[in-house]
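Below: one structure, written as structure tokens.
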Amino acid sequence: MRDANHHDDQTAQHNRPDRSARRLLGKSDPLDAQAAARAVLSGRARARAKSGDGLVHSARIFKLAKDSAVKARTQAINQLKAVLVIADPALRERLSSLGNRELFRTFARLGLSGGGGDEDAVTHATHLTLCMLAERIEQFTGQIDELNQRLTRLVEAHAPQLLVPVASVRTAPSLS
């Protein structure tokens with residue numbers, strides 16, 4: 001599609017199959033492709049294909065990377081919390097007063113020690129896993145922050161009106 005756009009070929013994008021036709025004929029990729037082709041040929045499909053270049057595409061790529069990092073960080077947080085649930089009660093008690101951010105920083109700072117001394121295998125595995133997960137969370141947090149900054153700079157430079165705060169249903173009554 002992108003290559004066709006660069007060669008000045010006419011391209012169209014059909015966003016959605018006809019629902020009534022899908023109900024009658026059933027869900028099928030070949031039928032959807034035929035319906036899309038018919039819609040384009042008949043002129044019913046008027047959406048322009050995305051160009052794949054420029055600022056909007058850059059923002060899409062940054063958002064894709066950010067969404068992926070958010071999902072991965074959430075998974076790592078859930079895993080860390082699951083390990084804490086089954087960890088030694090004394091360790092849980094020591095950490096119970098810490099908030100999430102401080103908890104992650106505490107484990108990330110401990111680093112991956114060689115483990116030794118009188119530490120048993122389960123305690124060592126728990127410590128090592130918590131440290132690795134905390135470091136992963138910190139890395140993803142850094143990536144998310146950087147991508148947010150890049151997106152903000154992109155919007156500030158090319159569409160600053162999108163950053164203007166808008167009154168919501170909750171705040172509008174207090175403004176009048």
Side-chain angles (χ1 to χ4, degrees), residues 1-2 13 15-17 19 22 26-29 32 50-176:
M1 191 72 84
R2 198 173 305 136
Q13 184 166 328
N15 292 331
R16 184 183 201 164
R19 288 184 180 177
R22 287 192 82 173
K27 183 177 177 179
S28 150
D29 288 341
D32 288 347
K50 295 173 183 164
S51 66
D53 60 359
L55 304 170
V56 174
H57 192 64
S58 297
R60 269 191 219 110
I61 297 296
F62 286 148
K63 184 171 181 330
L64 176 117
K66 177 188 163 198
D67 291 348
S68 172
V70 167
K71 184 176 179 181
R73 180 182 65 178
T74 301
Q75 275 187 315
I77 290 170
N78 292 340
Q79 290 168 345
L80 186 138
K81 298 260 180 171
V83 171
L84 277 176
V85 166
I86 60 172
D88 179 50
L91 177 63
R92 280 198 316 265
E93 184 63 32
R94 269 197 334 245
L95 302 169
S96 64
S97 64
L98 299 178
N100 280 348
R101 193 171 286 186
E102 191 55 37
L103 180 70
F104 306 149
R105 285 188 185 136
T106 299
F107 281 119
R109 270 182 277 163
L110 289 177
L112 305 174
S113 64
D118 57 354
E119 207 175 60
D120 69 10
V122 174
T123 303
H124 175 66
T126 301
H127 177 260
L128 185 66
T129 300
L130 289 170
C131 289
M132 292 174 102
L133 288 169
E135 286 178 357
R136 194 174 302 158
I137 292 165
E138 297 259 310
Q139 288 172 349
F140 286 129
T141 300
Q143 288 178 8
I144 292 164
D145 292 345
E146 180 182 341
L147 289 161
N148 276 334
Q149 290 170 5
R150 288 179 183 272
L151 281 165
T152 300
R153 284 194 305 265
L154 191 68
V155 173
E156 282 174 344
H158 302 286
Q161 70 277 11
L162 295 175
L163 297 174
V164 175
V166 178
S168 70
V169 174
R170 292 182 190 155
T171 59
S174 64
L175 295 175
S176 56

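Numbers here are sequence positions counted from 1. It should be emphasised that the depicted structure is a prediction, and the values quoted were computed from it without experimental measurement. Just the heavy atoms: all of them, side chains too, but no hydrogens, waters or symmetry mates, feed the values below.
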- [ ] Inspect the contact between K71 and D67 and indicate whether a charged nitrogen and a carboxylate oxygen are less than 4.0 angstrom apart.
- [x] no
Open item on the list: Minimum heavy-atom separation for A108 and E135, please, with both atom names.
Closed with: O-OE2, 3.9 Å
TODO: Please assess L133 against F107 for the test side-chain contact (heavy atoms from CB on, under 4.5 Å), listing each intermediate value before the final yes or no.
DONE: CA-CA 8 Å; L133 288 169; F107 281 119; over 6 Å; no
- [ ] Starting at CD of E138, measure out to CD of Q143 and round the result to the nearest 0.5 Å.
- [x] 12.5 Å
TODO: Hey, could you give me the CG/CD distance between L154 and Q149, rounded to the nearest 0.5 Å?
DONE: 13.5 Å
Task: Set of residues satisfying side-chain hydrogen bond (donor to acceptor under 3.5 Å, both in side chains) with respect to T126, sequence neighbours excluded - done: none
Task: Option from T141, L130, I137 for which side chain to side chain contact (heavy atoms under 4.5 Å, CB included) with F104 holds - done: I137
Let me have the donor-acceptor pairs involving side chains of residues 94-103, under 3.5 Å, with sequence neighbours excluded, atom names and distances please.
unit_1 : atom_1 : unit_2 : atom_2 : d
S96    : OG     : E93    : O      : 3.0
N100   : OD1    : K81    : NZ     : 2.6
E102   : OE2    : R109   : NH2    : 3.0

Open item on the list: Let me confirm one number: the CG-CD distance from L80 to Q75, rounded to the nearest 0.5 Å.
Closed with: 13.5 Å
- [ ] Quick one: pull up CD1 in I86 and CZ in R92 and give me the separation to the nearest 0.5 Å.
- [x] 9.5 Å
Task: T74 side chain vs V70 backbone, donor-acceptor pair below 3.5 Å - done: yes
Task: Any N148 side-chain heavy atom under 4.5 Å of I144 side chain - done: yes
Open item on the list: Nearest 0.5 angstrom please: L147 CG to L64 CG, how far?
Closed with: 10.0 Å
Open item on the list: Just verifying a value: how many Å separate K66 NZ and F140 CZ, rounded to the nearest 0.5 Å?
Closed with: 15.0 Å
